[in-house]
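Only one structure is covered here, and it is reproduced in the block below.
Both counts, for ligands and for their atoms, begin at 1 and track the order of listing.
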Amino acid sequence: MNHKIDLSIPRVVIASGNLGKVSEFRKLLSELPVMIIPQPDDIQIEETGRSFVENARVKALTAAKITGQFSLADDSGLSVESLGGAPGIFSSRYANTDSERINKLLYELTPFKNRKAFFSAALCFVSPENRILFEVEGKCEGRITEFPRGNDGFGYDPIFEVKNTGLTFAEMGIERKKSFSHRGLAFQKLMPKLKKYFASIN
Ligand code: ITT
């Protein structure tokens with residue numbers, strides 16, 4: 001068996017420490033002629049931005065600078081109408097673990113009848129020369145359920161029911177989640193740009 005790595009294949013670093021996201025990215029990017037690599041273990045990127053777009057930029061630019069490779073970052077989060085848009089860009093910092101975040105959100109929402117919410121994702125793709133090549137955003141509307149449902153996915157998936165489906169993200173397989181989700185919709189915008197770009201440099 002040949003174990004040599006083909007150095008002509010472009011590498012794309014996924015600028016994320018979230019294993020759930022990295023696994024979605026791998027599947028979403030599988031059609032591209034690139035090698036997906038995780039970001040180095042010792043990178044800690046501080047999210048200093050005031051929006052999803054700004055934070056995605058910080059993450060992608062830092063990862064490309066450190067590794068000298070293409071990088072792709074996602075900043076995403078859940079905004080709940082009755083909570084004035086919280087947790088929003090603070091979704092990962094809302095509590096320490098997925099189950100604590102879910103329990104906290106369900107508790108905070110107890111007094112409210114309106115459980116409308118939406119997920120947002122901003123993606124940023126940066127060149128090895130540290131230039132922003134593409135930025136796209138996606139959004140998915142739904143509501144926060146009264147209790148968790150489903151076993152798939154990650155993060156807030158078990159308590160986010162997608163509008164007009166009756167299903168939480170955690171009750172959909174990745175393929176269905178991809179067609180409705182904030183990240184999947186952002187990807188639908190990014191993919192043609194990436195295909196064109198990688199075809200032009202090959
Ligand atoms: P990186 O910054 O390293 O990518 P992170 O988890 O901190 O990892 P974000 O700052 O973008 O990522 O925080 C987004 C949080 O929003 C994430 O931790 C989840 O709790 C939640 N989230 C984002 N997309 C989600 C999805 O598709 N399903 C469920 N929860 C999601």
**Message:** Please report whether ligand 1 has a polar contact with Ser16, defined as an N or O pair separated by less than 3.5 Å (distance criterion only).
**Reply:** yes

**Message:** Can you check which of Arg93, Arg101, Gln39, Glu47 brings a heavy atom nearest to atom 10 (O) of ligand 1?
**Reply:** Glu47

**Message:** If the cut-off is 4.0 Å to any non-hydrogen atom of Asp75, which atoms of ligand 1 fall inside it?
**Reply:** 9 (P), 10 (O), 11 (O)

**Asked** Just checking, Lys104 and Tyr94: is the charged tip under 6.0 Å from the six-membered ring centre and within 45° of the axis?
**Response** yes

**Asked** Closest non-hydrogen protein atom to atom 6 (O) of ligand 1, residue and atom name please, with distance?
**Response** Asn18 ND2, 2.9 Å

**Asked** Is there a heavy atom in Asp157 that sits closer than 4.0 Å to ligand 1?
**Response** yes

**Geometric class of the Tyr197/Phe134 ring pair [parallel <30°, tilted 30-60°, perpendicular >60°]** = perpendicular

**Request:** May I ask you to check if ligand 1 and Glu24 share an N or O to N or O distance below 3.5 Å?
**Result:** no

**Prompt:** Between Arg57 and Glu135, is the closest basic N to carboxylate O distance under 4.0 Å?
**Reply:** yes

**Asked** Just wondering, do Leu133 and Val126 contact through their side chains at under 4.5 Å, heavy atoms?
**Response** no

**salt bridge (Lys or Arg N to Asp or Glu O under 4.0 Å) between Arg176 and Glu171, worked out** = CA-CA 9 Å; Arg176 272 189 99 180; Glu171 293 174 312; over 6 Å; no

**Request:** Taking only Lys NZ, Arg NE, NH1 and NH2, and the carboxylate oxygens of Asp or Glu, determine whether Arg93 and Glu47 approach each other closer than 4.0 Å.
**Result:** yes

**Prompt:** Heavy atom of His182 under 4.0 Å from ligand 1?
**Reply:** yes

**Prompt:** Which atoms from ligand 1 have a heavy atom of Ser91 less than 4.0 Å away?
**Reply:** 15 (C), 16 (O)

**Prompt:** So, Glu175 and Lys178, do they make that salt bridge, N to O below 4.0 Å?
**Reply:** yes

**Request:** Quick one: look at Phe160 and ligand 1, take heavy-atom pairs under 4.0 Å, and tell me if it's side chain, backbone, both or neither.
**Result:** neither

**Asked** Does one side chain, of Ser127 or Glu129, offer a donor that lies under 3.5 Å from an acceptor on the other?
**Response** yes

**Item:** Nearest neighbour in protein (non-hydrogen) for atom 24 (N) of ligand 1
**Value:** Arg183 NH2, 2.8 Å

**Message:** I need the nearest protein heavy-atom contact for atom 2 (O) of ligand 1: residue, atom name and distance, please.
**Reply:** Lys59 NZ, 2.6 Å

**Request:** State the atoms of ligand 1, each with its element, that fall below the 4.0 Å cut-off from a heavy-atom position in Tyr156.
**Result:** 20 (O), 21 (C), 29 (C), 30 (N)

**Item:** Nearest-neighbour protein heavy atom for atom 27 (O) of ligand 1, which is reported as residue plus atom name and distance
**Value:** Lys177 NZ, 2.7 Å

**Asked** What atoms of ligand 1 come within less than 4.0 Å of a heavy atom belonging to Gly155?
**Response** 29 (C), 30 (N)

**Asked** To which protein heavy atom is atom 7 (O) of ligand 1 closest, and what is the distance rounded to 0.1 Å?
**Response** Ser92 OG, 3.1 Å

**Item:** Protein residue, atom and distance nearest to atom 12 (O) of ligand 1, heavy-atom basis
**Value:** Lys21 NZ, 2.9 Å

**Message:** Counting C-beta onward and ignoring hydrogens, is there a side-chain heavy-atom pair between Glu137 and Leu123 closer than 4.5 Å?
**Reply:** no

**Message:** What I want to find out is whether Glu24 reaches Lys177 closely enough, with some N-O distance under 4.0 Å, to be called a salt bridge.
**Reply:** yes

**Asked** Starting from atom 22 (N) of ligand 1, which protein heavy atom do you reach first, and at what distance in Å?
**Response** Phe119 CE2, 3.7 Å

**Proximity winner for atom 3 (O) of ligand 1, if only heavy atoms of Ala15, Gly17, Ser76 are counted** = Gly17

**Fill in**
For residues 34-60, the ring-ring contact (aromatic ring centres under 6.0 Å, His included) pairs (sequence neighbours left out) are none

